[in-house]
Amino acid sequence: MHFMPADGFRERTEATVSNPHLRKSFRGAMDFLMAKRKAQFPDPEALENLRTLGEAIRRYSLSRLPELLVQLEANLTKNGVKVHWAETPEEAQRIIVGIAAGAQAKLVVKGKSMVSEEIELNHALEAAGIGALESDMGEYIVQLAGERPSHIIMPAIHKTKEEIARLFAERIPGVDYTDSVDELIQIGRRVLREKFRETTVGLSGVNVAVAETGTLCLVENEGNGRMCTSVPDIHVAITGIEKIVEKLEHVPPLLTLLTRSATGQAVTTYFNWISGPRRDGELDGPREVHLVLLDNGRSRAYADERFRATLQCIRCGACMNHCPVYTRIGGLAYGTTYPGPIGKIISPHLLGLEATHSLVTASSLCGACGEVCPVRIPIPQLLIELRNQSQNDPAASHDAHPLAGAGAGRKPMPAFAMRAWGFLHARPALYRLFSFALTRLRGVLPRKQGAWTESRAPLRPAARSLHELLRDKT
Ligand code: SF4
């Protein structure tokens, strides 16, 4: 059965907003992240200059995406990396399961990778009898809890330290309850370190792939990414086809925008440049490196000028931290791999509008997401375009490239009301006559029409026009 995040969205949202404890801890975490980001950009002019540069790099890279992908494959192959192309999540699953099964791996240890979440890799590995273990601390916590990540940078941000302490005591053999954060981290590290020794396959995401050198860049804070990419004999990296730049010199501006926008850090603790398997004479590193390049709807977004900017994203999560909807309902309510504003603009391309039309309406369009996006993705405008697509009548639409599921959010009554409104609005005289009639009618309606109007007094038609009142005053 196809997964439908739109199903149950309202119920999941209600469950979060009616949980004051969850809202408080979530709001506190988001306020903390916003303050950290702000402290990293003290000079507004310098920030805008950096955003201009970041936007230009991402737009330039996307403008040359097909040829850069060909160049990347050629240079990676020259470096000894095996490149695989996957059009769908199922294809990506088959490739990775095939690599792990071919190596007779019993366990794949994973670094943080949202694309591996997107393809539901853990389920596919488990179905093939291969274990999957998350080694990023946040991902490890949500895996233990049997949940999805609620944030793309901090997957377990919805959990308090007491909840994590209980989880560790219940799920990790021999561990006693402790709510000391240092001790909890040490416990996690001890468990994970052992697993790195046992496995032959490590998996990671990719933050940026550099076409001219065939280099995979990976940003992380815990060192688990470096372990996944260097300890096991085989390293499998997976990324979306859009995470590419042409030159090495394009990486530093994106890197500084990413770390400062994501976690409020000037630099990350670890920055990994992966340029191939272990060479003769080298003492460590994997013997095989694979890269899986996933499409999953991205090339459709790329082909449509209205939506191409969606692919500029560098997955910093700043739009989520500043979104008044996300900060109240949390990431789990969305039901998608990518929650918050970035989730609302990317998920319709990955899953279609039939599955995601409710999500594109979950925005106040306040514009905060667009204002903080380090690569200036016009998120509010993209949301409006997606709303149009979800409301369009597919039978009457002249759209040459409608999104999958276009029209799924359309309901007969609102569609009729909006058509009637459009008809009137295009005819000023008729519109004025209609408005005049409505203001007169309003006076004969009952004062109370339900809970919403209980505290409000209905507007009464003015005895004299505004024009008359102003004229008498002067
Ligand atoms: S849309 Fe912009 S702010 Fe949001 S995750 Fe992507 S790059 Fe960051």
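We count ligands from 1, going down the list as the structure has it; atoms in each ligand are counted the same way.
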Does the pair [X]/[Y] count as a salt bridge with the N-to-O cut at 4.0 Å?
X	Y	answer
Lys159	Glu147	yes
Glu242	Arg315	yes
Glu139	Lys110	no
Asp31	Arg27	yes

| task | Measure the distances from the heavy atoms of Ile379 to every atom of ligand 1 and state whether one is below 4.0 angstrom. | result |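 Checking ligand 1 against Ile379, which is what was asked, there is a heavy-atom contact under 4.0 Å.
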| Close approach, Pro374 and ligand 1, non-hydrogen under 4.0 angstrom |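 Pro374 counts as a contact of ligand 1 under the 4.0 Å cut-off.
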| message | Using the side-chain contact (heavy atoms from CB on, under 4.5 Å) definition, which of the options Val236, Thr239, Val115 pairs with Val292? | response |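 Result for side-chain contact (heavy atoms from CB on, under 4.5 Å) with Val292: Val236.
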| Any luck finding a side-chain donor-acceptor pair between Glu134 and Asn122 under 3.5 Å? |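 Yes, a side-chain donor-acceptor pair sits under 3.5 Å.
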Where is the nearest protein heavy atom to [atom]: which residue, which atom, and how far?
atom	value
atom 2 (Fe) of ligand 1	Cys373 SG, 2.4 Å
atom 3 (S) of ligand 1	Cys319 N, 3.4 Å
atom 6 (Fe) of ligand 1	Cys313 SG, 2.3 Å
atom 7 (S) of ligand 1	Ile314 N, 3.4 Å
atom 5 (S) of ligand 1	Gly317 N, 3.2 Å
atom 8 (Fe) of ligand 1	Cys316 SG, 2.4 Å

| message | On a heavy-atom basis, which atom in Thr310 and which in Leu382 lie closest, and how many Å separate them? | response |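 Closest heavy-atom pair between Thr310 and Leu382: OG1-CD1, 3.7 Å.
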| request: Below 4.0 angstrom from a heavy atom of Ile377, which ligand 1 atoms are there? Numbered from 1 as shown, please. | output: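 Those of ligand 1 that fall under 4.0 Å from Ile377 are 1 (S).
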